[in-house]
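Structure first, then comments.
Chain identifiers are assigned alphabetically (A, B, ...) following the order of the sequence lines, protein sequences preceding nucleic acid strands; residue numbering begins at 1 within each chain.
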Number of protein chains: 2
Amino acid sequence: MSIKKVARIAGVSTATVSRYLNSPEQVKENTRSKVQSAIDEVGYAPNALARNFRRGKTSLVVVVLPQVGDPFLDNVMRGIWRVADEQGYSILIRDTQSNSHDFDEFTEMVFSKQADGILLLASISPFSEPEAKRSREKAHPPLVLGLESVTTELNHFPSVRVDNVAAAADGTQYLIQLGHERIGFIAGKPDSLLTHDREKGYRKAMRKAKLKVENGWVVEGEQTIDGARRATRRLLAHKQRPTAIFCANDEMALGTVHEIKNAGLRVPEDISVVGFDDIRYAEVMDPPLTTIAQPAEEIGERTMRRLVQAIDGGALDKDTDTSPEIVPHKLIVRKSTGNAPR
Amino acid sequence: MSIKKVARIAGVSTATVSRYLNSPEQVKENTRSKVQSAIDEVGYAPNALARNFRRGKTSLVVVVLPQVGDPFLDNVMRGIWRVADEQGYSILIRDTQSNSHDFDEFTEMVFSKQADGILLLASISPFSEPEAKRSREKAHPPLVLGLESVTTELNHFPSVRVDNVAAAADGTQYLIQLGHERIGFIAGKPDSLLTHDREKGYRKAMRKAKLKVENGWVVEGEQTIDGARRATRRLLAHKQRPTAIFCANDEMALGTVHEIKNAGLRVPEDISVVGFDDIRYAEVMDPPLTTIAQPAEEIGERTMRRLVQAIDGGALDKDTDTSPEIVPHKLIVRKSTGNAPR
DNA sequence: TTGTAAGCGTTATCAT
DNA sequence: ATGATAACGCTTACAA
């Protein structure tokens with residue numbers, strides 16, 4: 001009822017008030033000030049609920065990420081927010097860690113107009129059956145993938161990320177070049193495409209260098225510090241103990257380095273460690289961590305931009321430019337890597 | 001138009017469909033199945049925008065925090081989400097770091113129905129003038145404070161936090177008990193009430209032990225690793241170099257320990273370090289960090305519960321139970337602290 | 001430049 | 001147990 005009240009007080013119609021709010025240039029100067037006074041007088045604030053309803057738009061975007069409090073996401077989110085603010089979107093965050101969410105839940109949010117689009121920064125369970133059925137009738141919701149590689153069913157959505165395979169190969173290659181031949185790999189969770197790709201890169205580099213990947217050299221670190229510590233212990237106990245360990249991300253590298261030192265070994269003299277992400281803690285670790293940096297903020301910015309595009313342009317067809325945007329990675333050499341022992 | 005379509009297909013009125021959706025028990029079994037079939041047939045999903053509009057409720061809550069990617073907030077958010085999911089709220093996150101936000105902006109979000117309430121986990125600029133004016137006419141929005149101490153203008157809102165003064169005093173007291181007499185303090189940003197309180201606790205403990213706080217022993221660390229590194233360098237260069245440093249949070253402690261070791265000194269043999277928060281990295285630091293733990297998840301849960309209460313119970317009066325809920329803190333002793341040298 | 005009025009999809013009131 | 005219908009606050013043709 002509020003715009004009506006303003007209109008009444010200003011002595012104009014509701015349409016004029018609305019116009020004043022949305023395109024003031026269409027309103028005569030004189031009227032403008034009358035309306036503004038009325039607004040001030042009653043302390044009017046437009047009801048976003050009504051406006052969004054009318055417009056059929058939530059101006060909300062869901063960002064799905066593995067875990068808030070992941071230092072790496074900090075910069076990604078910064079990029080996302082920059083664009084969101086600029087484009088008038090608010091960010092709804094869902095993490096896949098505290099509650100188990102599945103893909104349908106997010107598409108459902110769009111279909112039921114709780115959000116206009118989805119920014120997927122985490123691996124999640126694939127479409128369930130009912131959804132598969134629906135997708136025949138409904139268009140795909142506006143959805144963009146960031147960071148992660150994709151499962152086949154998500155292939156049709158735009159995505160922005162580094163080339164995880166190549167990046168991990170680079171990291172591994174760097175270790176090889178330092179003379180390491182026994183290199184272990186600490187992977188993430190089995191359902192994480194991302195770390196899967198990194199593992200692929202590791203294996204690729206090993207193969208290329210004609211190095212064998214022994215059974216037990218690739219172990220799951222569960223994307224957590226504790227998981228990485230357990231994984232590291234297994235690696236250290238291996239009869240062919242690696243002289244270098246590649247961790248699928250920095251978070252796990254933190255645990256790995258800790259556990260190596262715990263075992264009375266030195267980094268990098270006894271074992272070299274490489275991480276992935278270049279989180280802000282990497283630099284102040286002891287020793288500072290050699291890792292692979294991603295342009296996090298840029299990734300955030302670009303994913304969000306594509307998403308806005310997808311939202312504005314309506315649901316995108318299966319055959320809209322669908323190739324992933326690949327952004328450059330960069331090996332950052334610090335002190336956690338050194339020549340192979342002996 | 002959609003509920004209409006369902007109604008038409010099911011051969012019932014829109015009212016019945018609505019009832020089926022919201023209180024199925026009021027609908028006869030027979031009708032229920034007719035409606036459900038119709039829903040399945042057209043793939044109907046209720047329009048949340050319309051529903052919220054009609055109900056005058058967004059079912060959204062803004063959580064304002066200093067920085068996503070703060071590992072400490074991870075657990076707080078977990079607690080918030082648990083309650084949010086349970087109560088049917090979605091979480092809108094705003095960080096005060098990437099964009100400068102002020103208090104009005106958030107109250108405005110409530111007044112303009114972009115959100116139902118505010119969960120404030122960060123220090124922000126105080127009310128601006130126009131808001132002060134408005135607050136006379138409008139009730140305060142549902143708002144709950146977590147973690148932080150409050151400025152006087154926010155005094156009337158419920159809050160949940162540890163007793164930062166007492167906690168910091170405990171940490172300081174522990175150092176004193178180890179024989180330290182020259183103890184430095186690395187504070188946060190000047191506008192952070194939270195670290196301000198911690199500083200107060202530190203000073204209190206020093207005073208109580210009749211220890212002097214030399215000029216230059218309290219230095220700002222800006223709540224960042226780099227800030228803490230600079231602060232630490234200043235501390236190390238002090239003519240009366242402290243034998244122990246209390247950092248207002250773990251994030252800064254990370255930088256502090258790094259910088260101490262950089263300078264060729266040992267922790268804790270030369271300098272002891274205490275942090276605050278017990279983030280997950282504290283345990284795997286080298287040496288593992290002595291710190292003060294807060295029940296983060298519980299704080300999240302309780303703040304969110306109070307907020308829901310405030311939303312449901314309508315805007316709370318100035319004189320609703322307004323005393324902060326204090327949750328217990330706990331000193332976690334690890335290896336970064338030791339007896340004072342000599 | 002401004003006003004009139006229809007309509008967005010739901011819920012809720014009041015009958016039936 | 002169900003139906004008819006007003007109302008929520010706003011935007012937008014269309015008319016003036």
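- A ring pair (Phe, Tyr, Trp, His ring centres under 6.0 Å) check over residues 63-82 of chain B, counting only residues at least two apart or in different chains, returns nothing.
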What side-chain donor-acceptor pairs closer than 3.5 Å can you find for residues 47-56 of chain B, not counting sequence neighbours?
| residue | atom | partner | partner atom | Å |
| --- | --- | --- | --- | --- |
| B/N47 | OD1 | B/L49 | N | 2.8 |
| B/N47 | OD1 | B/A50 | N | 3.0 |
| B/N52 | ND2 | B/A48 | O | 3.2 |
| B/R55 | NH2 | B/N22 | OD1 | 3.1 |

| remark: With B for base contact, S for sugar-phosphate-only contact and - for none (protein heavy atoms under 4.0 Å), nucleotides 4-9 of chain D reads BB-BBB
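- The backbone N or O of A/S59 sits less than 3.5 Å from a side-chain atom of A/D116, completing a donor-acceptor pair.
- By the side chain to side chain contact (heavy atoms under 4.5 Å, CB included) test, A/S13 is found to be paired with A/A15, A/T16, residues two or more places apart in sequence or in another chain being considered.
- Residues satisfying the side chain to side chain contact (heavy atoms under 4.5 Å, CB included) test with B/Q223, not counting sequence neighbours, are B/K189, B/S192, B/T195, B/N249, B/M252.
- Backbone-only contact: B/T16 has heavy atoms under 4.0 Å from sugar-phosphate atoms and none from a base.
- Regarding B/K34, its NZ atom lies at a distance of 11 Å from the C1' atom of D/dA1, rounded to whole Å.
- Qualifying side chain to side chain contact (heavy atoms under 4.5 Å, CB included) partners for A/E105, counting only residues two or more places apart in sequence or in other chains: A/R94, A/H101, A/D102.
- Partners of B/E29 by salt bridge (Lys or Arg N to Asp or Glu O under 4.0 Å), not counting sequence neighbours, listed by chain and number: B/R32.
- Remark: A/V27, A/K28, A/T31 in residues 20-32 of chain A come within less than 4.0 Å of DNA chain C through at least one heavy atom.
- Ring geometry, A/F103 versus A/F157: the interplanar angle falls from 30° to 60°, so the pair is classed tilted.
- Atoms CZ (A/R55) and P (D/dA13) sit 13 Å apart, rounded to a whole Å.
- Within 4.0 Å (heavy atoms only), B/V12 reaches sugar-phosphate atoms of the nucleic acid but no base atom.
- The rotation axes computed at either terminus of the helix from C/dT1-D/dA16 to C/dT16-D/dA1 lie 30° apart, taking five pairs at each end and rounding to 10 degrees.
- Scored by the side chain to side chain contact (heavy atoms under 4.5 Å, CB included) test, A/E301 finds A/R82, A/V83, A/R305 as partners (sequence neighbours excluded).
- One interatomic measurement links the two molecules: CG of B/L49 to P of D/dC10, which rounds to 14 Å at whole-angstrom precision.
- Between the NZ atom of A/K57 and the P atom of D/dC10 there is a distance of 19 Å, rounded to whole Å.
- A search for salt bridge (Lys or Arg N to Asp or Glu O under 4.0 Å) contacts involving A/E325 returns A/R302, A/R306, not counting sequence neighbours.
- Partners of A/R19 according to the salt bridge (Lys or Arg N to Asp or Glu O under 4.0 Å) rule, which considers only residues two or more places apart in sequence or in another chain, do not exist here.
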